[in-house]
K.L.:
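Shown below is the structure under consideration.
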Amino acid sequence: MILKIEHIGIAVKEIKSAEKIFSALLNKNPYKKEEVEREGVNTLFYETGDSKIELLESTKENSVISRFIEKRGEGIHHIAFEVDDINKEMQRLKNEGFGFISSEPLAGADNKLIAFIHPKYSNGVLVELCQEKKPQ
Ligand code: ZN
């Protein structure tokens, strides 16, 4: 089941200057910074009520974020929906004809399991499903 918009991901060229801008805009500091090496990104999270803002900066050439910025410039990169059971939701959406970028959920930033729907299946919007990792 899809529960809510968990966060909105924003691709930025330089996370330091974006941090200044978004800290001023939201009038608060980010609560978390985290590098996801596999994806070649630095992330930074702000709490905004029930949802979050995630800033994404590329840490290497040819990463997903650097290619996105080359093609489309800075801006909204993805919308993430929180789900209660990511495997079940992936199966449901595959049955509906949606294609995923990875066949299985992956470990993402902020203690989450994540999976992305390819934007060609969702009107150009990159959709992330995320589920809080349960304590082992
Ligand atoms: Zn995200």
Side-chain angles (χ1 to χ4, degrees):
M1 193 168 39
I2 289 187
L3 302 173
K4 65 172 188 186
I5 292 179
E6 212 280 335
H7 64 270
I8 294 177
I10 297 173
V12 303
K13 279 186 189 158
E14 225 205 299
I15 211 156
K16 276 217 172 92
S17 56
E19 179 178 356
K20 276 188 198 144
I21 291 164
F22 278 84
S23 295
L25 193 156
L26 300 169
N27 198 24
K28 59 170 70 175
N29 292 319
Y31 73 93
K32 188 185 267 192
K33 294 180 191 193
E34 195 178 333
E35 185 176 355
V36 184
E37 253 192 79
R38 187 195 65 239
E39 305 284 349
V41 294
N42 273 324
T43 66
L44 197 151
F45 288 90
Y46 291 91
E47 237 151 19
T48 52
D50 227 17
S51 307
K52 298 165 189 159
I53 297 290
E54 172 185 34
L55 302 184
L56 300 146
E57 171 198 58
S58 172
T59 56
K60 61 182 182 203
E61 268 178 57
N62 240 335
S63 72
V64 173
I65 295 300
S66 69
R67 276 183 280 141
F68 177 87
I69 288 176
E70 264 169 45
K71 256 201 252 170
R72 298 168 70 164
E74 291 184 297
I76 292 180
H77 177 257
H78 64 272
I79 296 180
F81 293 107
E82 184 175 16
V83 297
D84 57 348
D85 184 332
I86 196 164
N87 290 299
K88 234 189 215 170
E89 242 358 77
M90 282 179 83
Q91 198 49 57
R92 180 183 74 80
L93 290 163
K94 283 178 189 170
N95 293 345
E96 292 284 354
F98 290 92
F100 281 82
I101 289 172
S102 65
S103 56
E104 299 286 322
L106 301 171
D110 203 28
N111 195 38
K112 297 275 198 299
L113 287 172
I114 62 167
F116 285 97
I117 295 172
H118 195 284
K120 76 178 176 194
Y121 295 96
S122 40
N123 298 78
V125 178
L126 179 59
V127 172
E128 174 186 342
L129 303 181
C130 64
Q131 180 190 347
E132 192 88 28
K133 271 194 233 165
K134 294 186 182 105
Q136 300 290 320

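Ligands are counted one by one from 1 in listed order, and the atoms in each one are counted from 1 as well.
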K.L.:
Taking Lys112 first and then Glu128, would you say they form a salt bridge - that is, a charged N and a carboxylate O separated by under 4.0 Å?
P.N.:
no
K.L.:
Is it true that, when you exclude Ile2 itself, more than 12 heavy atoms of the residues, nucleotides or ligands shown sit nearer than 6.0 Å to its CD1?
P.N.:
yes
K.L.:
I'd like to know whether NZ of Lys20 has more than 12 heavy-atom contacts from other residues, nucleotides or ligands below 6.0 angstrom.
P.N.:
no
K.L.:
For Lys4, is the NZ atom crowded, meaning more than 12 foreign heavy atoms sit under 6.0 Å from it?
P.N.:
yes
K.L.:
Under a 3.5 Å distance rule, please check whether Glu74 uses its side chain to pair with a backbone N or O of Lys13 as donor and acceptor.
P.N.:
yes
K.L.:
Under 4.5 Å between side-chain heavy atoms, chaining through other members, with only Ile, Leu, Val, Met, Phe, Trp and Tyr counted: pull out the rest of the cluster around Ile65, sorted by chain and number.
P.N.:
Val36, Val41, Leu56, Phe68, Ile69
K.L.:
Give the total of protein N/O/S atoms at a distance below 2.8 Å from the Zn ion (ligand 1).
P.N.:
4
